[in-house]
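Before any comments, here is the structure.
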Amino acid sequence: MTTVRIPAGWPATEEQARAVQDELRERVVLDEQGPPPGTGHVTGVDVAYDDDHDLVVAAAVVLDAASLEVVAETTAVGRISFPYVPGLLAFREIPTVLAALEALPCPPGLVVCDGYGLAHPRRFGLASHLGVLTGLPTIGVAKNPFTFTYDDPATPRGNAAPLLADAEEVGRALRTRDAVKPVFVSVGHRVSLDNACAHTLALTPDYRLPETTRRADSLCRRALREATP
DNA sequence: GCGACAG
DNA sequence: ATCTTGTCGC
């Protein structure tokens, strides 16, 4: 497991963090379709925290997009680099996630984040931020609607409804299991919303959450347990 | 002004 | 995110 230092010049205040978002948001690419589902690699990233020891552990798990078999996995540990502030989650997770991604022995392909991309109060969530910093295609798949609204999609798996900020569609509430609460998909970088939803469905043959985030979640929790004094 | 709010 | 037992079901 690689060890991470908080980058020099990392934002220390909410004001600085918002200024960074404003600057990086200009570099988001929204006019690409992204890789087709079922081909190449798909990588899940997630983090776990131990606030008592000021520790954060990130995991990156690369799956073969066709078989959903694990191709590679890495973890990284670091100090918590920012408090949890809704809207500024990326500043808490990104240094450690970047280290885990950089430690991979193969290209990640599409990166699936636990959280939002465009569906963000300032239209620059974790998935957008990670995409701009790495240049990789990214999407966000979140478990909760955050501040957004939606109408319940029809009961069968595969149905979706717009995720709305007022009248603006910022993502989609996508049903991945029949009659089970939907997940909330949004675009990060270099992927269309339709394609992001298609990937999410390809990654959910058995469970509500994508295999990528399930694998990354269990790996970073296990790594945190093993790294905790 | 206050509360709610991805993880 | 994290704190937390048992329980119902495939």
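Just the heavy atoms: all of them, side chains too, but no hydrogens, waters or symmetry mates, feed the values below. Residue numbers begin at 1 in each chain, while the letters A, B, ... track the order of the sequences.
Here the P atom of nucleotide B:dG7 and the CG atom of A:Asp50 are 20 Å apart, to the nearest Å. In this structure, A:Glu93 atom CD and C:dT2 atom P are separated by 10 Å, rounded to whole Å. Atom pair A:Asp46:CG and B:dA6:C1' shows a separation of 12 Å (rounding to whole Å applied). Between the C1' atom of B:dC5 and the CG atom of A:Leu88 lies a distance of 12 Å, rounded to the nearest Å. The CZ atom of A:Phe184 sits 11 Å away from the P atom of B:dA6 (whole-angstrom rounding). Following rounding to the nearest Å, A:Phe148 (CZ) and B:dG7 (P) show an atom-to-atom distance of 12 Å. With rounding to whole Å, A:Arg225 atom CZ is found 14 Å from C:dT2 atom C1'. For A:Lys181 and B:dA6, the NZ to C1' distance is 11 Å, given to the nearest whole Å.
Using a 4.0 Å heavy-atom criterion, one finds that A:Ala119 contacts no nucleic acid atom at all. Residue A:Tyr49 is classed as a sugar-phosphate contact, given heavy-atom separations below 4.0 Å to backbone atoms only. Among the atoms of the strands shown, base atoms are found under 4.0 Å from some heavy atom of A:Gly87.
An aromatic stacking contact between A:Tyr84 and the base of C:dA1 is absent, as defined here by ring centres under 5.5 Å apart and ring planes under 30° from parallel.
Contact annotation: A:Lys143 reaches the phosphate of B:dG7 (side-chain N/O to OP1 or OP2, under 4.0 Å). Taking 4.0 angstrom as the limit, A:Asn144 places none of its side-chain polar atoms (N or O) nearer than this to OP1 or OP2 of B:dC5. Between A:Arg92 and the phosphate of B:dA6, there is no side-chain N or O to OP1/OP2 separation shorter than 4.0 Å.
A distance of 12.0 Å separates NE2 in A:His189 from NE2 in A:His129, rounded to the nearest 0.5 Å. The line from OH of A:Tyr116 to CZ of A:Phe184 is 5.5 Å long, rounded to the nearest 0.5 Å.
Across C:dT2, B:dG7, B:dC5, the shortest atom-to-atom separation from the side chain of A:Phe146 is found for B:dC5.
A salt bridge links A:Asp51 with A:Arg92: at least one charged nitrogen is closer than 4.0 Å to a carboxylate oxygen.
Both the sub-6.0 Å distance and the 45° axial angle are not jointly satisfied by A:Arg177 relative to the ring of A:Tyr207.
For the residue pair A:Tyr49 / A:Glu93, a side-chain donor-acceptor distance below 3.5 Å is found, with atom types taken as modelled.
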